[in-house]
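We're numbering straight along the sequence, starting at 1.
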Amino acid sequence: MLRSNPAKKVAFITLLSASMGLFTANVAAQEQPFELGVTKVSNGDVVSYQGECFKAKNSPGTWEAPKSGSWFWDQVTCSNDTVEPPVEPDPPILEPEPPVTEPEPPTTEIPSDITPFVLGETRVVNGDVVSYQQQCYIAQNNPGIWEAPKANSWFWKSTNCGSTTEPPLTCTLPEVLIDNQCVIPPVECPDGSSVATAEECPVIPPVTCPDGSTADSVELCPPAKVVCDDGSVVDDIAQCPVTPVTCPDGSTAGSVADCPVTEVPTSMTVTSDGKGGYLIPRAEFVAIEKSLTSGELFDLVRSDTVTLDNASVEAVLPLRAANPENVKRAESIVDEALWEFLFPIRNPAYTYNRFLQAIAKFPAFCRTYTDGRDSLAICKRSLATMFAHFVQETGAHAPNWEGALGNPEWRQGLYYVREVYKSESDTTGPYNKCTGWAGERWPCANKSYFGRGAKQLSWNYNYGPFSEAMFGDKMVLLEKPELVADTWLNLASAVFFYVYPQPPKPSMLHVIDGTWQPNAADKANGIEHGFGSTIQIINGAFECGKGSTTAQAKARIAYYKEITSYLNLDISGEKLDCADMKAFDTAGAGALEVYWDKDWGWDANTPGNHSFKCKLVGYQTAYSAWTAGDYELCVEDNFNVQATDANGEIIPK
């Protein structure tokens, strides 16, 4: 969880610097003028600003105005300043001035039919007239409850405080209210020009497509090719030839699921390997694993966690005609302009294109439902839920900080891509300690597994499973955890968390789309449908069940309300809070045991009367039911066993 407040940090260092009188020595280099919002500098550059000179530090952006005692600037002596101390002039002789009579403050009569605006409470629609600090304003461009009315604001327009008996002017998207008129805002073209519609933008020079060809725009590029498992190249993954698998009985099939059903053995066939270990036919492992992981809920979750191949993911581009269906649905709700509006001070690593690629990786996110559920509404609610948690987990949380550029807290999400005060060069500390079974299953590679990405993925035992889901290889991200910060994985890690359950908790996807229905045990624990149950899933131990709303939960709820309001999403009837929610337990509807552990049972027909089996448990172990073959691995590791093929030969690991 990130709790650092950039505004407080800047304020603290400003006070410290002021009290110590920090100034550097004379600087011989010629300083450059600093223009707010334009001048880009590197650490050590010297600039002049409002008649004074400053040296850059801690990577100031173009909006960090130089000032004495700043976190980003040290005041220095200008190169053309004299080093001699100034001579204090004699104080002037002041003639007594006649007393000044202060004018009476003007009184403004506010008609009774004008709504007083209360910061954080008053909700308005475009055209509403409110009073604030004895002035009146007209709402425009959908202000939220935290946008304080002020003159010349994007969200407010000053007006007189006359009666509002005339109905206020409201606009229908895409029009916005400007100067009391509904107009369509101009479109900014790729070349920087502005026109009325995107169709009027000038044609830019041809672009180079992923296949090396050129086209007038990215949208006109041919679909990216997909490399199949057998090395062949096709236009779509569905065209890839099916690679047959060898079934336990020796036959072949398109997939393991298509293999003939093998009778589940009641007792394992265990023989000695002559070296103190044992041999068991792989067919028996496969049969038991399949029988224990079959069922409606298992099948649902398994289908939710299916992933698109990475080649197809990396081919995704905004408005690309060949984008997957779930990506197109997300684009219809959050286009690039809205992404910029919702996350205006985000880290540059969180691009809109990576947002689309993260969704593409998991076809279940924003999927098409064929059972009557509203696919568009579920997608919109899924995005709003994730965005609200983004703001809490990675937001700047600095409403009065100049680096926030005047944006309210609910629009300060995705500010951090790495955990505060952590860097890739730091390989010490608790995040690098890989011990016990977790260290054996997901070994550290002289890296630190601190929080990265929109979900702030942490610890080797989370990087390993995420790597297996993304690449089929646990070591990719264990060796290069920085990919979770610097590539599309920074957002895919959040979607991964969204679609995977954490038993006994259901997945957030099942909560939002209605697959999870609270049973009597859930309801007895106060767990109901709504945003509150997603807080319980993401951080319930610290933010829920406290009897009153915690500060963190209150913030998440406020962000969710703002985002759903902006997306015109009706959340009436949702249980937003989790103050009275107890934790999910094994009696709840979301309970699903998804890890393997040693079965300590007894079998009269085996050596030593051991069970030579593993069982499903609800706590995390090194063996996951979602990873085919982990059952066999669990038995092998716990009972000194090797698997054999249909001919009794040992199968190499």
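For the pair Glu289 and Arg282, the salt-bridge criterion is not met [side-chain N within less than 4.0 Å of a carboxylate O]. We find that Glu593 and Lys615 are not joined by a salt bridge, their nearest charged nitrogen and carboxylate oxygen being 4.0 Å or further apart. Under 4.0 Å is where a charged nitrogen must lie from a carboxylate oxygen, and between Lys575 and Asp580 at least one such pair does. The residues Lys361 and Glu314 are annotated as not salt-bridged, no charged nitrogen and carboxylate oxygen being separated by less than 4.0 angstrom. Ion pairing between a basic and an acidic side chain is recognised when a charged N comes within 4.0 Å of a carboxylate O; Arg556 and Glu543 show such pairing. The pair Arg367-Asp304 meets the salt-bridge criterion, since a charged nitrogen lies less than 4.0 angstrom from a carboxylate oxygen.
For the pair Lys505 and Phe584, the cation does not sit on the ring face, since its NZ or CZ is not both under 6.0 Å from the ring centre and inside 45° of the axis.
In this structure, the side chain of Asn609 does not engage the main chain of Trp602 through any donor-acceptor pair within 3.5 Å. Checking side-chain atoms of Asp645 against main-chain N and O of Gly648 turns up a donor-acceptor pair under 3.5 Å. A donor-acceptor pair is defined here as one N or O able to donate and one able to accept, closer than 3.5 Å; no such pair exists between the side chain of Tyr449 and the backbone of Cys434. Between the side chain of Gln412 and the backbone N or O of His397, at least one donor-acceptor pair lies under 3.5 Å. Asp309 contributes a side-chain N or O that, together with a main-chain N or O of Ser312, makes up a donor-acceptor pair within less than 3.5 Å. Side-chain atoms of Asn310 come within 3.5 Å of backbone N or O of Met470 as a donor-acceptor pair. Ser467 contributes no side-chain N or O that, together with a main-chain N or O of Tyr463, makes up a donor-acceptor pair within less than 3.5 Å. For Asp513 (side chain) and Ile378 (main-chain N/O), no donor-acceptor pair under 3.5 Å exists by modelled atom type. Within the 3.5 Å criterion, the main-chain N or O of Ile527 finds no donor-acceptor partner in the side chain of Asn525. With hydrogens and angles disregarded, no donor-acceptor distance shorter than 3.5 Å links the side chain of Ser624 to the backbone of Ala622.
Each of Glu424, Glu419, Glu482 was scored for a side-chain hydrogen bond (donor to acceptor under 3.5 Å, both in side chains) with Arg452, with one residue passing: Glu424.
Glu649 and Thr644 share no side-chain donor-acceptor pair at under 3.5 Å. A donor atom on one side chain and an acceptor atom on the other are found under 3.5 Å apart for Asp577 and Thr549. Arg346 and Thr351 share no side-chain donor-acceptor pair at under 3.5 Å. Between the side chains of Ser533 and Glu528, no donor-acceptor pair is found at a separation under 3.5 Å. A donor-acceptor contact closer than 3.5 angstrom is absent between the side chains of Asp426 and Ser423.
At a threshold of 4.5 Å between non-hydrogen side-chain atoms, the residues Tyr595 and Cys614 do not count as touching. Taking 4.5 Å as the limit, every side-chain heavy atom of Trp596 sits out of range of all side-chain heavy atoms of Val617.
Contact detail for Gly395 and Tyr416: the closest heavy-atom pair is O-CE1, 3.5 Å. Summarising the geometry of Phe390 relative to Ala494, their closest heavy-atom pair is CE2-CB, 3.5 Å, with the distance given to 0.1 Å. Smallest separation of non-hydrogen atoms from Gly588 and Asn519: C-ND2, 3.3 Å. For the pair Ala360 and Val313, the tightest heavy-atom approach, listed with the atom from each and the gap, is C-CG2, 4.3 Å. Contact detail for Leu356 and Val327: the closest heavy-atom pair is O-CG2, 3.7 Å. Looking at every heavy atom in both residues, Thr307 comes nearest to Ala469 through OG1-O, 3.9 Å.
Within 6.0 Å of NZ on Lys422 lie more than 12 heavy atoms contributed by other residues, nucleotides or ligands. The neighbour count for Tyr369 OH, taken as heavy atoms of other residues, nucleotides or ligands under 6.0 Å away, is above 12.
The line from CD of Glu636 to OH of Tyr278 is 15.0 Å long, rounded to the nearest 0.5 Å. Distance check, rounded to the nearest 0.5 Å: CD of Gln536 to SG of Cys578 gives 6.0 Å. Interatomic distance, CD of Glu574 versus CD1 of Ile557, reported as 10.5 Å (0.5 Å rounding). Note that CH2 of Trp410 and OH of Tyr559 are 12.0 Å apart. Values are rounded to the nearest 0.5 Å. Between atom NZ of residue Lys598 and atom OG1 of residue Thr621 there is a gap of 14.0 Å, rounded to the nearest 0.5 Å. Between atom CG of residue Leu483 and atom CG of residue Asn490 there is a gap of 10.5 Å, rounded to the nearest 0.5 Å.
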* Where do Gln456 and Thr394 land on the side chain to side chain donor-acceptor pair (under 3.5 Å) test, with the steps shown first? -> CA-CA 8 Å; Gln456 290 291 280; Thr394 62; over 6 Å; no
* Would Trp442 and Tyr461 count as a ring pair (Phe, Tyr, Trp, His ring centres under 6.0 Å) if you check the C-alpha gap in whole Å, the side-chain angles of each, and the deciding distance to 0.1 Å? -> CA-CA 6 Å; Trp442 296 292; Tyr461 50 78; 7.5 Å; no
* To do: Step by step, work out the side chain to side chain donor-acceptor pair (under 3.5 Å) result for Arg381 and Thr564.
  => CA-CA 8 Å; Arg381 196 174 299 271; Thr564 53; over 6 Å; no
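Residues forming a side-chain hydrogen bond (donor to acceptor under 3.5 Å, both in side chains) with Asp522 (at least two apart in sequence, or on another chain): none. The salt bridge (charged side-chain N to carboxylate O under 4.0 Å, His left out) check on Asp273 picks up nothing, with sequence neighbours excluded. Asp630 meets the salt bridge (charged side-chain N to carboxylate O under 4.0 Å, His left out) test with Arg441; sequence neighbours excluded. With sequence neighbours excluded, no residue forms a side-chain hydrogen bond (donor to acceptor under 3.5 Å, both in side chains) with Asp599. When the side-chain hydrogen bond (donor to acceptor under 3.5 Å, both in side chains) test is applied to Asp486, the partners found at least two apart in sequence or on another chain are Arg418. Here Asn462 pairs with nothing under the side-chain hydrogen bond (donor to acceptor under 3.5 Å, both in side chains) rule; sequence neighbours left out.
Taking the six-membered ring where tryptophan is involved, the planes of Phe450 and Tyr431 are perpendicular, since the angle between them exceeds 60° and thus also 30°. Ring-plane geometry between Phe639 and His610 is classed as tilted, the angle between the planes lying from 30 to 60 degrees on a 0 to 90 degree scale. Between Phe387 and Phe343, the ring-plane angle classifies as perpendicular under the 30° and 60° cut-offs.
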